[in-house]
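One structure is given here, and the rest of the page talks about it.
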Amino acid sequence: MRLKFDKKVLEKESQVTPEEIFWNRRRFINNFALAGTAGLITGFPGMVQSQSNVIVGEELRDELSSEFVITHHNNFYEFSTDKKKPSEMAKSFKPGNDWQVKIEGEVNKPGTYTLEDILKHMQVEERIYRLRCVEAWSMVVPWNGFQLSQLLDWVQPTSKAKFVEFKTLHDPKIFPGQKRGIFGSHTLPWPYSEGLTIQEANNPLALLATGVYGKSLPGQNGAPLRLVVPWKYGFKSIKSIVSIRFTETQPECTWNKRLPNEYGFYANVNPEVDHPRWSQATERRITDNSFFGVKRIPTLMFNGYGEQVAHLYKNLDLKRYY
Ligand SMILES: Nc1nc2c(c(=O)[nH]1)N[C@H]1C(S)=C(S)[C@@H](COP(=O)(O)O)O[C@H]1N2
Ligand SMILES: [Mo]
């Protein structure tokens, strides 16, 4: 079944988002203030959002993607490989603050914490980031969440911790995509896992998101807690996290394990290193229901966040370590 992105749907959408001003579709990334104050942006359309925690945009190409497309065009293989299906299938997946996250490995404060426990120690703010999928589409998303570095400060990795590994919940009752296929095969090795170096995890841009558009994360976007690493391809931004493990050695990552020639551990957005099967020089920017739009724009090195992250890769051959 194909979802239609017609006028009616969009009219409905604006009815359920009464704060038209805050949700105004024509907001742009227009300001850089990493160490800003916490809280939501309360600007007016067209106004410079001076008190926001918005991360730099280049030009006015960075129009905010609508809440509708962000929540109806998803990659979440635990549900389906079809981008339109997670929003339907996740309707009954509504985890709450009792969601448990294991903190394990090389860390001084290991344990199983509920999201509620964690949030008591974290400062949640809004961050507007570009999201660039390795498949060459992109969006601009207003996340709510807390800096991953805050969590690290709280749980205290030991001096042996060189990497952080994240894992998604493994439960085929909730995620039908994790069931074996008719030939006993899986789409991916489950649970979905991802990893960062400890320096990457401590970079101020790395976020653990708890919401989008000021609301709790919907299931299809990785409720109730997902990683957002805006300078890397979207597959690094692992959803519905149940384990955070600190390790001495580089952890296995799902896509890297599945297709190592196509998906590297680093997966930094890089217009100069093509995917073996397609170019990464440009991307389709999805803003609203025009959907597979219209707009093809150049892809930026590190997704436009070079100023914040390029130093992490000074001594790395980015062609080899893609
Ligand atoms: N657990 C899990 N996390 C995941 C994925 C997935 O299939 N499973 N897909 C990734 C990919 S490829 C992308 S592009 C983003 C998409 O996030 P979104 O649906 O919120 O836009 O989530 C990433 N995180
Ligand atoms: Mo992706």
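Indexing begins at 1, ligand by ligand and atom by atom, following the structure's order.
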Number the atoms of ligand 1 from 1 as they appear, then name those within less than 4.0 Å of a heavy atom of [X], with their elements.
X: C133; value: 14 (S)
X: G234; value: 10 (C), 11 (C), 13 (C), 14 (S), 15 (C), 22 (O), 23 (C)
X: I238; value: 3 (N), 24 (N)
X: S237; value: 22 (O), 23 (C), 24 (N)

N-O pairing of E252 and K257 below 4.0 Å |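 Counted as a salt bridge, because a side-chain N and a carboxylate O are separated by less than 4.0 Å.
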Taking both backbone and side-chain atoms of [X], is any N or O found less than 3.5 Å from an N or O belonging to ligand 1?
X: N221; value: yes
X: K239; value: yes
X: W255; value: no
X: R226; value: yes

Is R130 close enough and on-axis enough to Y305, meaning under 6.0 Å and within 45°, for cation-pi?
->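 R130 over Y305 ring: yes.
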Are W154 and Y113 near enough that their ring centres are under 6.0 Å apart?
->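 Yes; Y113 has its ring centre under 6.0 Å from that of W154.
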In the protein, which heavy atom is nearest to atom 6 (C) of ligand 1, and how far is it?
->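 Closest protein heavy atom to atom 6 (C) of ligand 1: Y192 CE1, 3.4 Å.
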Protein heavy atom at shortest distance from atom 21 (O) of ligand 1 |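 Sorting protein heavy atoms by distance from atom 21 (O) of ligand 1 puts L131 CD2, 3.5 Å first.
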State which residue, out of F76, W190, Y77, fulfils the ring pair (Phe, Tyr, Trp, His ring centres under 6.0 Å) condition with F175.
->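 By the ring pair (Phe, Tyr, Trp, His ring centres under 6.0 Å) criterion, F175 pairs with just one of F76, W190, Y77: F76.
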Mind checking whether Y321 and W255 sit in one hydrophobic cluster, side chains of I, L, V, M, F, W, Y counted as touching below 4.5 Å?
->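 Yes, same cluster.
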In this structure, which one of I241, I244, V164 forms a side-chain contact (heavy atoms from CB on, under 4.5 Å) with L227?
->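 Only one option passes, and that is I241.
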Name the one of K167, K239, K236, K232 that satisfies salt bridge (charged side-chain N to carboxylate O under 4.0 Å, His left out) with E194?
->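 Among K167, K239, K236, K232, the one that satisfies the salt bridge (charged side-chain N to carboxylate O under 4.0 Å, His left out) with E194 is K236.
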Where does K236 meet ligand 1, judged by heavy-atom distances below 4.0 Å: at the side chain, the backbone, both, or neither?
->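 The answer is neither; K236 stays 4.0 Å or more away.
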